[in-house]
Enquirer: 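Sharing a structure below in structure tokens format, with a few things to ask.
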Amino acid sequence: MDESNPLRAERLRKLEAWRQRGIDPYPTRFARTHLAQQLHELFRDLPAGADSQTRAALAGRITARRLMGGATFLDLRDGSGRIQLYATADLLKPEEYELFTQVDIGDFLGVEGLVFRTRRGELSIKTEKFTILAKALRPLPEKWHGLQDVEIRYRQRYLDLIANESARRIAVMRSRIVSAMRRFLDSEGFLEVETPILQPLYGGAAAKPFTTYHNALEMTLYLRISDELYLKRLIVGGLEKVYEIGKDFRNEGISTKHNPEFTQMECYWAYADYNDMMALTERMIAQIAREVLGSTRILYQGHEIDLSPPWRRLTLREAILAESGLDIEKHSTLEELRAEILRRKLQIDLQPTWGKQVDELLKVFVEPKLIQPTFILDYPVELSPLAKKKPGNPKVVERFEPFIGGMEFGNAFSELNDPIDQRERFLAQEALRRAGDEEAQVLDEDFLIALEYGMPPTGGLGIGIDRLTMILTDAPSIREVILFPTLRPRGETL
RNA sequence: GGGCCGUUAGCUCAGUGGUAGAGCAUCUGCCUUUUAAGCAGAGGGUCGGAGGUUCGAUCCCUCCACGGCCUACCA
């Protein structure tokens, strides 16, 4: 909005007029006695037209005005809900009543008065005293349709939160999801820890990093792409159950499922394997749903989904075989796999390696079908340089990814704790990197040294908090569950 | 990166190759239990930006900016 906007100029005019009358439009504090929601609960049984015995002091933002001449109604919204304010020319001094009628939608007001219910049944405050707590200079979005413009909703999330109940709901739900997850992990005996976000070497995932520079140390640092390698160092150190909830950063494209910075929970559990992590995952997600939604049955994008354990378990090979007819075990080289894809005329892009081709088959043919909670297990070793090989099958690792609603939202494995094998895997990744794979992992000598001191058998799990929130709030885009999603900056003033 | 769509008043949206429309919001007047309050009136626009075609462009064309969806990238 332009600085010279007449709506803003009008509000500035009011602000000045109030100041000239000795009113401070931005005072420091206001003592509340109640929240709106408390009053609705306390006076649920107060009949229409009746006064209560209670005087209450409330504060919040004015969201609607109904001026009737000698009487004025304002809607006040606080963090808990909405309540109506009522004032008349009889109850207030003339200059006070006039000021009450001049309050704009968007202004913050503190008010004190008797709680009563109007003839039409609306619980209200009979205003005896009121204070301007903050003058708003810009008009709020329109009251019927709320704020629709997605660009404004993302760029100025505060307006989205003011105007749209769904935005408030998602923000609150996300907080409760994270909180419930913490409670669950704490109760399971996990220790919450923090590991570096600025790292001299990045690792733990196949992704391109963001790069930055530390002036005093004169060194390049990377924003972490995962927490994994540091958390496993803690397992080496004897912290047997650890977790971290925090931001990871991946320098890649943006989509409805990807934001360059996203929140992940990673946990590591000594003496456990990926079967234990599967059981942990399904119990945790079901528990979070019960706490946050009151049920393990959810609706996601039109699908009824039951989150109660046990979830379906399906090997990657079985899943691809079922959905594409292709047996990746029989076609165990890139050439054979490609030949079979072409022979079957499968609609899929060809990939540079066997592992990536298998991953593509999963993504195209299997993932969209995984509506009900499903663990896909046993991934190709070349896609999983940090996971332990499956006993008896050196081409496959003990790894799973959980899917709900056709979306992957995590990753887990029996952690590789053999330092010799780990070094070989890193070296294989280095070879891929030299061959042009920018996302191949880099060898982390410090991590290898840690493993050489001995790491117990360990199960590890990562859960994408943003995607989990999408699933539990029925959000179609990751931008709906991230308060401030990454957007290209806008040149012009708001 | 590619394709498609969008951008009109503070907000939500109509609309046309010939001087720009509605509702809400704002302002003025009336109105003392209203609640999408009501009634009467008024103001408010570089029609995203820059070029082009045309007697004339908000509309047609090109480029640009931003956004959305799909796709690619990304376990």
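Proteins get letters first, then strands, A, B, ... in listed order; numbering begins at 1 in each.
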Enquirer: Describe the nucleic acid contact of A:Thr256 in one word from base, sugar-phosphate, nothing, applying a heavy-atom distance below 4.0 Å.
Expert: sugar-phosphate

Enquirer: Check every atom of B:G10, B:U32, B:G68 against the side chain of A:Tyr86 and return the nucleotide holding the closest atom.
Expert: B:U32

Enquirer: Indicate, with a heavy-atom threshold strictly under 4.0 Å, whether A:Ile254 touches base, sugar-phosphate, or nothing.
Expert: base

Enquirer: Tell me what A:Glu408 touches on the nucleic acid: a base, only sugar-phosphate, or nothing, going by heavy atoms under 4.0 Å.
Expert: sugar-phosphate

Enquirer: Look through every strand shown and name the nucleotide pairing with B:A65 as Watson-Crick or G-U wobble, where both distances are under 3.5 Å.
Expert: B:U7

Enquirer: Tell me whether the side-chain N or O atoms of A:Gln84 pair up with the base of B:U34 as donor and acceptor below 3.5 Å, since no angle test is needed here.
Expert: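 Looking at the base of B:U34, it does pair with a donor or acceptor on the side chain of A:Gln84 (distance under 3.5 Å).
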
Enquirer: Looking at every strand, decide which applies to A:Arg488 at a 4.0 Å heavy-atom threshold: base, sugar-phosphate, or nothing.
Expert: sugar-phosphate

Enquirer: Which part of the nucleic acid does A:Leu67 contact within heavy-atom distance under 4.0 Å: base, sugar-phosphate only, or nothing?
Expert: base

Enquirer: Would you mind telling me which of B:U12, B:C27, B:U32 lies closest to the side-chain atoms of A:Gln148?
Expert: B:U12

Enquirer: Could you tell me whether A:Arg479 contacts a base, only the sugar-phosphate backbone, or nothing, with contacts defined as non-hydrogen atoms closer than 4.0 Å?
Expert: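 Contact class for A:Arg479: sugar-phosphate only.
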
Enquirer: Check whether any side-chain heavy atom of A:Thr458 lies under 4.5 Å from a side-chain heavy atom of A:Asn417, and answer yes or no.
Expert: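 A:Thr458 vs A:Asn417: side chains apart.
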
Enquirer: Report the base-pairing partner of B:C47 (Watson-Crick or G-U wobble, both distances below 3.5 angstrom), or none.
Expert: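 Base-paired to nothing in any strand shown.
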
Enquirer: Would you call A:Arg55-A:Glu128 a salt bridge at under 4.0 Å N-O?
Expert: yes

Enquirer: Can A:Arg317 and A:Asp327 be counted as an ion pair, charged N to O under 4.0 angstrom?
Expert: yes

Enquirer: Could you tell me which nucleotide pairs with B:G17 by Watson-Crick or G-U wobble geometry, both distances under 3.5 Å, or answer none if nothing does?
Expert: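 Pairing partner: none.
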
Enquirer: Name the nucleic acid region contacted by A:Gly49, choosing base, sugar-phosphate or nothing; use a 4.0 angstrom heavy-atom cut-off, strictly under.
Expert: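 If one applies the 4.0 Å heavy-atom cut-off, A:Gly49 turns out to touch nothing in the nucleic acid.
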
Enquirer: Give me the distance, rounded to whole Å, that separates B:U46 from B:U34 when you measure between the C1' atoms they each carry.
Expert: 41 Å

Enquirer: Looking only at side-chain N and O atoms, does A:Gln37 offer a donor or acceptor that is under 3.5 Å from a partner on A:Arg82?
Expert: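 Short answer, no.
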
Enquirer: Using the side-chain heavy atoms of A:Arg120, tell me which of these nucleotides is nearest: B:U26, B:U32, B:U33.
Expert: B:U33

Enquirer: Please give, in whole Å, the distance from B:U28 C1' to A:Gln102 CD?
Expert: 13 Å

Enquirer: For a quick check of understanding: with a heavy-atom distance under 4.0 Å over all strands, which category does A:Asp75 fall into, base, sugar-phosphate or nothing?
Expert: nothing

Enquirer: Rounded to the Å, how far apart are A:Ile105 CD1 and B:A36 P?
Expert: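 Checked: the CD1 to P distance equals 14 Å.
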
Enquirer: Give one of base, sugar-phosphate or nothing for A:Tyr379, where a contact means two heavy atoms less than 4.0 Å apart.
Expert: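 The answer is nothing, as A:Tyr379 stays clear of every strand by at least 4.0 Å.
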
Enquirer: Output the rounded distance in Å from NE2 (A:His145) to P (B:G10).
Expert: 18 Å

